[in-house]
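Sequence lines set the chain letters: A, B, ... in the order given, protein chains first and strands last, and positions in each chain run from 1.
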Amino acid sequence: MNLDEYRRAARAWLRDYARPGESAPENAISHAKDFMARLYDAGYSGITWPARWGGQGLTQAEERAFAAEARHFSLPTYVFSIGLGMTGPTLVDRGTDEQRERFVRPLLRGEEIWCQLFSEPGAGSDVAALQTRAVRDGDRWIVNGQKVWTSVAQHADWGLLLTRTNPDAPKHRGLTMFVVGMRDPGVTVRPLKDMTGRAHFNEVFFDDVAVPDAHRVGEVDDGWSVAVTTLLHERLSISAGVGMGRAKDDPTSLEALRRTADTSDPLVRDDLVELHIRTRALALFNQRLAQEAEAGLFPGARGSAAKLLLAELTLFEADLATRLAGPSAVVGTGDGEGAGPLAHAISLAPAMSLGGGTNEIMRNIIGERVLGLPPGPRVDKTVPFKDLKVGTQG
Amino acid sequence: MNLDEYRRAARAWLRDYARPGESAPENAISHAKDFMARLYDAGYSGITWPARWGGQGLTQAEERAFAAEARHFSLPTYVFSIGLGMTGPTLVDRGTDEQRERFVRPLLRGEEIWCQLFSEPGAGSDVAALQTRAVRDGDRWIVNGQKVWTSVAQHADWGLLLTRTNPDAPKHRGLTMFVVGMRDPGVTVRPLKDMTGRAHFNEVFFDDVAVPDAHRVGEVDDGWSVAVTTLLHERLSISAGVGMGRAKDDPTSLEALRRTADTSDPLVRDDLVELHIRTRALALFNQRLAQEAEAGLFPGARGSAAKLLLAELTLFEADLATRLAGPSAVVGTGDGEGAGPLAHAISLAPAMSLGGGTNEIMRNIIGERVLGLPPGPRVDKTVPFKDLKVGTQG
Amino acid sequence: MRLTLTPEQRELREAVRSFLAAASPPAKARDGYDPAVHARLNGELGLSGLIVPEEYGGAGAGMAELAVALEETGAALLPGPFLATAFAALALTRAPDKELLTGVAEGRIAATLALPVVPDGLTARAEGGGLVVRGTLPQVLSGAEADVLLAALPGTPAGDGSGAPGEASDGGPVLVAVDLGGPGVTRVPLETLDLTRSQARVELDGAPARVLGRLGAEGAAAVADLVAVALAAEQLGVLRASLDAIVAYAKIRVAFGRFIGSYQGVKHKLADMHCKLEQAESVVRYAAWAADEDPAELPHAAALAQAHTGRACFEVARDQLLLHGGVGFTWEHDAHLFYKRAKADEVLLGPPRVHRARLAALMEA
Amino acid sequence: MRLTLTPEQRELREAVRSFLAAASPPAKARDGYDPAVHARLNGELGLSGLIVPEEYGGAGAGMAELAVALEETGAALLPGPFLATAFAALALTRAPDKELLTGVAEGRIAATLALPVVPDGLTARAEGGGLVVRGTLPQVLSGAEADVLLAALPGTPAGDGSGAPGEASDGGPVLVAVDLGGPGVTRVPLETLDLTRSQARVELDGAPARVLGRLGAEGAAAVADLVAVALAAEQLGVLRASLDAIVAYAKIRVAFGRFIGSYQGVKHKLADMHCKLEQAESVVRYAAWAADEDPAELPHAAALAQAHTGRACFEVARDQLLLHGGVGFTWEHDAHLFYKRAKADEVLLGPPRVHRARLAALMEA
């Protein structure tokens, strides 16, 4: 089957099994699992993953072709995104054969949901500064600590957990990675209410949680190199999706603003021109990255530029939409439905600048890995972790 | 005499001896010297300087009052500005009595012109990285090296010269300050053509120049502390003048653009509104700083904010003026008079962002000295200078 | 032109600041309006009477003093009808009414003002020997908490049968007062982006109104200018408190072994935010001075104050939120309260371009 | 839509790049037009014939290839009439003329195009069996170096006695050619901000003109769009070279004991500049694709290309100059050459707002 045939078959399958504009409510887990099973059976789950562990063993070309077709549909795969985009590829790359055998196929078939447990309140941009401890106890490890910003933890069966196992080593050299059962005793998941008033993320608490050594991923104290693999996959999956699709009912999009704004005012028209220029320039950049990827040239750190631009565009468009709308942007209708779509948009707008690496982190990545600029001096690479300043002091 | 009387007397004197709008051509040195002598005789030169060395021994209040009146005139004092603003106050603060006796009064009377010799091609923002060497030879020192960005060097009789005397010490601790005779053998002044095509500054070369030890200012190897005094005076004199006056014929000013731009276009009107907002906001900030200073509250590092804002406004207004004008902004009339006032303005605009500390240096100063933020890690404070990377490498 | 505070104004600032630090810090603002705090603010500090003339029991102070107070209430994100009442009191300077001014000065009456200063959609008609008002105001600041609504109704020529207040023989606006607890008034509290200050839809269906006096076109414009300056003073406070919060955090938060404030990526942004603060303070002092001392400069100063300070305040509030990193995105942290207040303030008097358009028009004149 | 280069286009880029690196690096650009380099560029590389159809001796390539070439000539700040000749050749795609196209393809003829595409102030009249043109073009790109001037004259209805080219029966513009070395032509070289490329005032006083063909309103608009895309390609090159220069400097220049590129104050600005480059390249590839493949999208793509790339190019050129510090302000350093070319390019086709206004109009449509 050549690529065109593959694409046509994918399109046909999607037409039969996925509806355009279908929403993906987070609570319809059983529906999502059914869909994943069907996707797996059709051969569209884990397209590039090794066949030995349940994937299709195909190339990026097929993956991109399927993604291009899927873009016209809204697949209910949200709860599987962490597993498919980050933890699964990490296990394929770095897990033991026993771990791959046990975890990968159920993940691809949608039988088990995964989350990723890296960030902590004191370790955001600086993930390696984390403090959650794992202490060896025979053939198991006892974990205590707190994670934060964990997507889909409330639905997850398994989590990929980064812990500190050696506080006497410098911070990158005393970390170990585990797979932890999210239903195990001592694991508490608590929704984290964010500034929009909703809970898009969770906090996860570990209170003497036992993890078998067989669930360790990579060597003891070598967890950072495993985490780097995961973060690389995270960045790829973010940049691949960046700017490609957007909610049709986004009230801050150019299309929406052209309907709602007073375009008889030349200044309003010029504001919309500015939005149009930024939107088009970023969309074209993303299309170019996608075309390069299809040709085998992967974006790597350049994807951080797309992510940074999307973060800035998201802030700009929500800000612009509220400025154009005026007073009504910041209130609801008094019917109990909340403060209105623009108010929600301006509340949600900072998320893209904070999640998946702040704008400052993106600029560092672009500067160092794309432009090859020298790093700043690092005071935290050699000091034993226990002697290092971390988190919030005073 | 109370302050009001002082101010009225100053106004009357200025009306008699200085003309509004009078230009200050750099080449009319004899005219400038005559004017300074008259200013000194009238008691308006060195208003706050100690009477013992030729000053008037009055307060900042009188100085500000005179400056406020003088703002309406264009005094031909440009060639004396380095002496009056920087090197003179440094000698008053840190010179020996012999040096004060010899240098201060002739400076105030306009008999001798001064320049300041700190910056080097490899030491701009990082002045203390300078490489001009002074080596002791009995009761004199032999100087070799190159300085750059030296204003009025071509007219100067004396220069305040910062040199390296101990390359084995860390960079701030091996510097020594001297007074050097600018007509002495081995001193070469060469005009430095800048991007406007004119020579606003000079390069100064030292080739085995002998300086008597009696012309040393401060202790051997303690020149940095003397330089800090000079730089503090420089910053005060810049921030005091910042945004206070501007050339009446500036083609990028709001007034000029209102005459020349097509204000029937609402977008042009809005561009002018933006320029107006920025201009007014900065002018009001400067007025507030001046009022605080009159009340005895000196701006200190906050003056760096005014300097930074002026640098950005200067770039913005030249850029805006050329965008409003369109193609004609970048050509002259073919009459040999140059590429036209807007072309000159856009060429000159970067100067304010580079001279007297770059915008980045200003932001460091505001961050550390106004907001009290911690400094970045310094790798250059303890290493012997000879082992330190400086200038341009490779 | 005076751009610095007098010693008395500095004392006022200290008094309000220390009161609010104890009674209503920003963290408390998310709980909403606390009438007890409001009463103490007006009682102990007499703040509601600050600009009420002495003959009505107030302190007879000017905009310069009100601005000092509003900067502090803004910095504390004070919930409740303090700003709305100040707007109403500013309107009353143009149509003084003993009952209302005395009530405001004593802290008995919380008032609000229909915005924009001459709102659309209200009609007045003589009925049963009095005046009644009909129409809907879609957004009234503190409309659910205020006792009295002031509205500038567009007047119509005397003798016109439509029933507009007859006094308005020039057709210029007339200021009227409506008892928000009275008949014919329905108040629907609105969900608001800014959790710290409420708005309500106010539906008037034959609500009795009392004519306070004629504003005229010029008076209405002056009230709009005063309101713009007062809001800019609050915005200056929000801006300053936003910057203070992130500067403090940058000194205690560590990433990669260093305080984040030591990174130029953070430091330089904070420096730029400081520059905005310095300019905003200068612009607000100038506008307050013009309000008190130079009516001819007021229109320009008021438009400048909104055009500059509204934007600067939002940008600084946004950047402080972003620089807080993930914790700034949480509900529990105060960063979003400043961000949301700044946005709500920026659009309170209309789309921000109206202030720029006003400046453009004044520059032409 | 193709946004990446084909292998052939990459080869072309390498060929032009390595030729210019040897023959005309930016440092040489301050010396101005070197006819020998121009001749070799057109001879060895056949660059002037790139978009000339094969039937006239050219390579018959499209805008995608021309854009690749212009990006390189822009990056090298190549002086001389290369861009002007490209503009003229683009106009000739709408009114082919064998003599001119052959001459351009062979590198014998340097041409230029009056801007804007239908300039004000020129009139044509039939005289002595031919057509003569009168009027002044205040700024003609490479006007002192070009051999031939092309101008789109506004046509008038046939039969009108004013003497405009009778062919223009729809009143739409007609493309004519004037020999700049011929009678009735006065050229006054202008002092230019951009030292690397000249402009001249061209005064035509009865200069003989030859009618090349009717453009019509649509054709003239298409030529204007093609010119806009070609200029954007040059701007992309100026942008890229500006960024490359400062990135290289940031890796070798030391301040306070560290390479300046290790400071976030520099690094983050360079990252933002890189983001502008990525977007500018994407926009230019899109516009070139539209020029070659999709006439319906061309007007929008051309306006977008100028609106985005013109600004991005100037901002990056400005910031690289500033980040160079003092040395960037010296005449001897190349930084100002990029800054000045970027500004000259930004305003070459009119005040930049015209491109935004065009986008606004197209969005309405």
Side-chain angles (χ1 to χ4, degrees), chain A residues 254-255 258 263-264 266-295 297 299 301-313 359-378, chain D residues 1-7 243-244 246-248 250-252 254 257-287 289 300-301 303-309 311-312 353 355-364:
Chain A
L254 182 62
E255 294 65 36
R258 286 179 63 183
T263 52
S264 71
L267 297 180
V268 172
R269 281 208 303 277
D270 196 58
D271 280 337
L272 295 183
V273 165
E274 180 65 27
L275 178 58
H276 174 70
I277 293 170
R278 296 196 194 194
T279 306
R280 278 300 269 159
L282 176 54
L284 288 165
F285 174 31
N286 275 305
Q287 275 182 274
R288 188 163 62 91
L289 284 180
Q291 290 184 11
E292 289 181 9
E294 280 176 36
L297 186 67
R302 283 170 65 216
S304 295
K307 197 272 185 184
L308 172 59
L309 288 165
L310 180 64
E312 293 187 326
L313 178 61
N359 295 353
E360 283 72 32
I361 295 292
M362 292 301 119
R363 291 190 178 97
N364 278 344
I365 291 172
I366 297 165
E368 292 172 23
R369 299 203 214 145
V370 180
L371 302 178
L373 297 169
R378 288 290 290 263
Chain D
M1 177 190 333
R2 183 177 183 102
L3 302 174
T4 58
L5 297 185
T6 63
L243 180 57
D244 286 349
I246 186 59
V247 166
K251 292 176 185 175
I252 60 167
V254 173
R258 283 166 53 188
F259 291 113
I260 62 171
S262 73
Y263 291 99
Q264 289 188 349
V266 174
K267 182 180 292 174
H268 288 190
K269 207 162 255 172
L270 294 176
D272 286 334
M273 291 155 78
H274 173 77
C275 288
K276 287 175 187 169
L277 170 64
E278 292 277 23
Q279 292 187 107
E281 173 163 353
S282 310
V283 166
V284 167
R285 299 270 176 267
Y286 160 65
W289 168 85
H300 167 267
L304 177 70
Q306 271 309 303
H308 182 273
T309 314
R311 188 90 283 249
R353 65 182 181 277
H355 310 295
R356 295 174 70 94
R358 185 103 199 279
L359 265 186
L362 290 164
M363 282 166 66
E364 306 271 293

- request: Can you measure from CG (A/N286) to CD (D/E278) and round to the nearest 0.5 angstrom?
  value: 10.5 Å

- request: Select one option (side chain, backbone, both, neither) describing which atoms of D/R356 are under 4.5 Å from chain A's heavy atoms.
  value: both

message: Does any backbone or side-chain atom of A/L297 lie under 4.5 Å from a heavy atom of chain D? Answer side chain, backbone, both or neither.
response: neither

- prompt: What pairs with A/T263 under side-chain hydrogen bond (donor to acceptor under 3.5 Å, both in side chains), at least two apart in sequence or on another chain?
  reply: none

message: Using heavy-atom distances under 4.5 Å, tell me whether D/L304 contacts chain A through its side chain, its backbone, both, or neither.
response: side chain

field: Straight-line distance of D/L359 CG to A/R280 CZ, nearest 0.5 Å
entry: 10.5 Å

query: With a 4.5 Å limit on heavy-atom distance, are the side chains of D/Q279 and A/L282 in contact?
result: yes

message: Just verifying a value: how many Å separate A/E274 CD and D/H308 NE2, rounded to the nearest 0.5 Å?
response: 9.0 Å

message: Please enumerate all residues that pass side chain to side chain contact (heavy atoms under 4.5 Å, CB included) together with A/V370, with sequence neighbours excluded.
response: A/A301, A/R302, A/I366, D/H274

field: chain D contact via A/N364 - side chain, backbone, both or neither, heavy atoms under 4.5 Å
entry: both

field: Contacting region of A/R258 [heavy-atom separation from chain D under 4.5 Å]
entry: side chain

message: Taking every non-hydrogen pair under 4.5 Å, which of D/Q264, D/K269, D/M1, D/E281 racks up the most with chain A?
response: D/E281

- prompt: Side chains of A/L373 and D/V266: does their closest heavy-atom pair fall under 4.5 Å?
  reply: no

statement: chain D shares the most heavy-atom pairs under 4.5 Å, among A/P266, A/P374, A/P377, with A/P374

statement: Here the gap from A/E360 atom CD to D/H268 atom NE2, rounded to the nearest 0.5 Å, amounts to 6.5 Å

task: With a 4.5 angstrom heavy-atom cut-off, could you sort out which part of D/D272 is near chain A: side chain, backbone, both or neither?
output: side chain

- prompt: Looking only at heavy atoms, which two atoms of D/S282 and A/R288 are closest? And how far apart?
  reply: OG-NE, 2.9 Å

message: Within the structure provided, determine whether A/R269 and D/E364 are in side-chain contact (heavy-atom separation under 4.5 Å).
response: yes

- request: Return the option, out of D/R353, D/M273, D/H300, with the maximum number of heavy-atom pairs under 4.5 Å with chain A.
  value: D/H300

field: Shortest non-hydrogen contact from A/I277 toward D/A307
entry: CD1-CB, 3.6 Å

query: Where on A/L272 is there a heavy atom nearer than 4.5 Å to chain D: the side chain, the backbone, both, or neither?
result: both

statement: Under 4.5 Å to a heavy atom of chain D? For A/L309 that would be side chain

- prompt: What are the two closest non-hydrogen atoms of A/L371 and D/V247, and how far apart are they?
  reply: O-CG1, 3.6 Å

query: Of the listed residues (D/C275, D/A357, D/A360), which shares the most heavy-atom pairs with chain A below a 4.5 Å separation?
result: D/C275

- request: Considering non-hydrogen atoms only, spot the tightest contact between D/T4 and A/E292 and give its length.
  value: CG2-CG, 3.6 Å

